[in-house]
4 protein chains.
Amino acid sequence: MPRQVRARRLPPEVRREQIVAAVLKVVAEHGVPEATVARIAQAANVSEGTLYVYFPSRREMLLAALEAILNEMYALIDIEPEADALTRLRKIGKIHAQEMAAERGLMALPWFEFIAAGPQVGLREAVAETHRSAYRRLRGIIEDGIAKGTIRSDVDPDRLAWGFYTVLWAENIACMMGMKEYLGDGHADHIMDLILSEAAPRKRPEA
Amino acid sequence: MPRQVRARRLPPEVRREQIVAAVLKVVAEHGVPEATVARIAQAANVSEGTLYVYFPSRREMLLAALEAILNEMYALIDIEPEADALTRLRKIGKIHAQEMAAERGLMALPWFEFIAAGPQVGLREAVAETHRSAYRRLRGIIEDGIAKGTIRSDVDPDRLAWGFYTVLWAENIACMMGMKEYLGDGHADHIMDLILSEAAPRKRPEA
Amino acid sequence: MPRQVRARRLPPEVRREQIVAAVLKVVAEHGVPEATVARIAQAANVSEGTLYVYFPSRREMLLAALEAILNEMYALIDIEPEADALTRLRKIGKIHAQEMAAERGLMALPWFEFIAAGPQVGLREAVAETHRSAYRRLRGIIEDGIAKGTIRSDVDPDRLAWGFYTVLWAENIACMMGMKEYLGDGHADHIMDLILSEAAPRKRPEA
Amino acid sequence: MPRQVRARRLPPEVRREQIVAAVLKVVAEHGVPEATVARIAQAANVSEGTLYVYFPSRREMLLAALEAILNEMYALIDIEPEADALTRLRKIGKIHAQEMAAERGLMALPWFEFIAAGPQVGLREAVAETHRSAYRRLRGIIEDGIAKGTIRSDVDPDRLAWGFYTVLWAENIACMMGMKEYLGDGHADHIMDLILSEAAPRKRPEA
DNA sequence: AATGAATGAGTTTTCATTCAT
DNA sequence: TATGAATGAAAACTCATTCAT
C-alpha cells in the first residue's frame, strides 16, 4: 500500500509528453546546464527513476525537448498557410519578434539554449539539424512564392531564406541576453523589411 | 605538500596571460560548462592551485577570458582607423566573416559561448555588457561618418549600428553551430551590403 | 554511475539515526574540525553522497548530532523525576561526574567539542542555545524544589542553577583535556557539595 | 633592488615574537581552525615563506602562541606577590572575571581555543600541560599561605587549587560561548567566594 | 510501471608546505 | 635571510544513473 501516489499509471505517450513539457519548463527557467534530472522529475511530478523508464539518459530528454521546439517552430512557419508567400513571411517575422520581445512561450526559449551543453555533447549538431529542418520548410514557402509569382522570379530562395533567418537568429540572441534596446526599438523589424522588400515583385524594389 | 615543481617561476603578468589563453582554448574546445578548472589547469600546464593564485574563482577566469575577447573585438573595430566610416564598416564586416568562416582566432570563439553557463551564473549579463561596449564603439564610427558626410545624414546611427550587429550575431551563431552553408555562401555578406548600402551618401540610396 | 550497492535500503529514519551516530563517533574520536564528511561516511558505512540525501550540509549533520547530545542531557536531567529537587540534583551531578571520569557515552562527548569549529561557523551559538535549553530545565527543577520546600526559599534559582552548571562545565573541560587528576580525585564533587549544601533547608547550611 | 621592503632584517628573537603576536591576534579573531598561515603572515607583515624560517610548521606556531598565553597566565598569577595568599587568590579571580566579561586581552582568548584543532593533533595535551603548569604555580601560593597561616591549615591545597580552577574554567567556557548572563551577573564570583571562604582562617568557616 | 535510496566520480575551492630566486 | 609562486592533496558538495523493492 503506497503511502502517497505521486503519479497514476498513465498511457506511456502521455507520460512522455508530460516529461518533455517538464524539460522545456526547467530549461526555460534554469538553462540547460542547470536542468538537472532532479529538477525535471520535480517539474514532471514524477520520480527520478521514472524518467529513466521513458528515456535512456538525460541527453535524450533534452533531445526530445529540442524536437518539441522544432514542432513549435513548424507551427509558427505554417501559420496562415493560404496567404501568399510574402505575407506569410511577414507574419512569421512579426510573431517571432513579438514572442522574443515578450520572452513568452516556447519561442522565447532560444534554440541555442541547447548549445549550452558544450560542443562535445553532441547537442549542437542536433540544434543545427533542427535549424536546417526549419530552414528547408521556410525555403519551401519562398520557392512556392516564386512559382506563384508573389515573389520576384530573380530572387535566390536560399539567399532570401537565410536573410530571413539572419534576423530570427539575431532576435534570439538579443532575447537570450536580455537586450531590450534591440528587441524593443524595432531594429530587427527594419532589417526584416529591408530583406523582404527586395523580394517584392513589380515596380521599384523599394516601397 | 608540493611534490614536484611543474612550472618555472614566471612573471605574474605572463602567467596570467598564459592562463587566460588556456581558458579560451578550453572554452573553444569544450564550451563553458565543460571548461572545468581541471581542464584549464592542464591546458595552462600549471596546477589547479596555481589558477587560484591568479584568480579568486573559476568565474573570474571566465570573465578574464571574456575581456580578452572584447579586446580582440576592439582591435577588429579599430582596424584602418583613418579610412572613412563606410569603408571601415565594410572592412570590419569582411574580416569578421572571414574569421567566422575559418573558425580561426579569438573571433571564432563566439561570444555567447559564455551564455552557456546558464542564466543564473551571471555571465550572461557580462556578455551583454561586452556587446554593448563594442556596440557603442561601433556607433561612434557611424556618428563620426555622419559628421564627416561619409554617411548619409538622415541615417539613424542606432539603426545602422544594430543592423550591422545583426549580421555579426548571425555569423556567430552559424559559426557556433558549424553551419558552413551559411558562412560559406556569402549570405551574411549580402545582408551586410544591403544594410550598408542604405547608408551610402549621394544619388539614390538603393542601387 | 553507481558501481556497487554498499548499503541495503533502509527506512529513512533508521539511516538518519545511523548517520547521527556516526557523526558523534567521529567527533568524539577526531574533534569537530577533523570530522570530515569522508570520515563520517566511512563510519556510517555509506557513501558520501548518501549523507547528502539526509542532510543538506555537513553543518546540519553536526547540528543533528548536537541535538542528540541535548536529548541525552535531557534524559540525564529527567532522571528520578519523583525524587525531591536536591536529591535529583545530587544524582544528576553524580552521574555526570561518573560519565566524565569514564569518558563513556554521549555525555563524554563534551558539548563544547562543537565550539571547536571556530567562531565563524555559527556552531557556537547553537551550542550556547543548547546549554541554555538544558539550563532552563535544570532551573525548573530548582524552582519546583523551592515551591515544595525541599530547597531553601531564600535561594536564588539562577544562582544555584549556574553554580551547578559551573561544575558540569569544569568537568567537561577536564574530560576533554584528559585531566584524570581533576576528575578522579573528587574535586568537582566537593565543589558540588559546597554549592548544593547552600541550598539545603533547615538547620545550619552544612558545616 | 626589491620593489617593496616588507620586513627589514630583524634580530631573530624579535621576529619570532612578532610572529607569535600575530598568531595570537589571528587566533583571537578567527579561532584556531581559521588561523591559516596566510592570515598569520599578513598579520605579522611577513611573507608566508618567512614564517617557515622561524617555525618548522603551523603547529609549532600555535604551540609558541600557547606558550605566550601561559606566560600571560603566569603574569596574572604573580600579581601582587607580596600580599597574603587569600588576597592574591581573590585578586586573581577578580581580574580573570573582569577580563572574561570584557572579552579583552589574551585572557579572553580562552585556552581551549587551542583544543579546537581536534584531539589528535596533539595540541590538547599541550593545553593540558599548560594548565598543569599554571595549576602548580597556583598551588604554590596556597601552600605558601598555609605555611604562613593566612590559609587554614586543614585545607587541602589540591582541593582548593582545583576549586579555584573550576571557576576559571567555567568563566572561560561562558566567555567562549558568549554567555553574558553567566559572566555579567556575578554567578562565578559567588562560587569563588564560597570556595575561598572555606579557606579563610579563624572563626566559623563563613555562613 | 514506478519509486527513491544509494552511489561515486567529478566539481570548485582551500591551504600547509616547498624551493628557486 | 626573505620571498611568494607553485603545488597537490583533501575538503565540501552535486548529480546522472542504477536497482531492489
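Each chain gets a letter, A, B and so on, in the order its sequence line appears, and its residues count up from 1. Because the structure is predicted, anything quoted here is derived from the model rather than measured.
Rounded to a whole Å, the CD1 atom of A:I40 is 15 Å from the C1' atom of F:dT14. Between the CD atom of D:E48 and the P atom of E:dT14 there is a distance of 14 Å, given to the nearest Å. If you measure from atom CD of A:Q42 to atom P of F:dC15, you get 13 Å, rounded to the nearest angstrom. What separates CD of A:Q18 from P of E:dA1 is a distance of 15 Å, to the nearest Å. Here the P atom of nucleotide F:dT3 and the CG atom of D:N45 are 8 Å apart, to the nearest Å. The nearest whole Å value for the distance from the CD atom in D:E34 to the C1' atom in E:dT14 is 10 Å. Between the CZ atom of C:R39 and the C1' atom of F:dA9 there is a distance of 14 Å, rounded to whole Å. C:E60 places its CD atom 15 Å from the P atom of F:dA12, with the value rounded to the nearest Å.
Side-chain N/O atoms of C:Y54 include one lying less than 4.0 angstrom from OP1 or OP2 on E:dA6. Phosphate proximity of E:dA2 to A:T50: absent, as no side-chain N or O sits under 4.0 Å from OP1 or OP2. Under 4.0 angstrom from either OP1 or OP2 of E:dT17 there lies at least one side-chain N or O belonging to D:Y52.
Pairs of residues two or more places apart, or lying in two chains, that qualify as salt bridge (Lys or Arg N to Asp or Glu O under 4.0 Å) and include a residue from residues 24-33 of chain B are B:K25-B:E29.
Residue order along DNA chain F, read from the 5' end via each residue's closest nucleotide, puts C:A38 first among A:M61 and C:A38. Heavy-atom nearest nucleotides on DNA chain E were determined for C:G49 and for B:V37, and the one closer to the 5' end corresponds to C:G49. Toward the 5' end of DNA chain F, the nearer of the two residues C:S57 and B:P11, judged by each one's closest nucleotide, is B:P11.
B:R39 places a side-chain N or O within donor-acceptor distance of the main-chain N or O of B:E34, the cut-off being under 3.5 Å. At least one donor-acceptor pair under 3.5 Å links the side chain of B:T130 to the backbone N or O of B:A126. Judged by distance alone, with hydrogens and angles left aside, the side-chain atoms of D:R15 form no donor-acceptor pair with the main-chain N or O of D:L51 at under 3.5 Å.
In the set E:dT17, F:dC15, F:dA2, the nucleotide with an atom closest to the side chain of A:T36 is F:dC15. Picking from E:dT3, F:dA2, F:dA12 the nucleotide with the shortest atom distance to the side chain of C:R58 gives F:dA12. Distance from the side chain of B:V53 is smallest to F:dA6 among E:dT12, E:dA2, F:dA6. Side-chain proximity of C:S47 to F:dT17, E:dT13, E:dT7: nearest is E:dT7.
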Dot-bracket, DNA chain E: Watson-Crick or G-U, under 3.5 angstrom, [ ] crossing, | other strand? .||||||||||||||||||||

From CA spacing to verdict: side-chain contact (heavy atoms from CB on, under 4.5 Å), B:E67, B:L63: CA-CA 6 Å; B:E67 205 194 327; B:L63 286 175; over 6 Å; no

Run the numbers on D:Y52 and D:M61 for side-chain contact (heavy atoms from CB on, under 4.5 Å), then give the verdict. CA-CA 9 Å; D:Y52 283 85; D:M61 300 175 211; 4.2 Å; yes

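Every side-chain hydrogen bond (donor to acceptor under 3.5 Å, both in side chains) that B:E129 has, sequence neighbours left out, goes to B:R132.
Annotation: side chain of B:I40 is not in contact with side chain of B:T36 (no heavy-atom distance under 4.5 Å).
No contact: C:F55 has no heavy atom under 4.0 Å from any strand.
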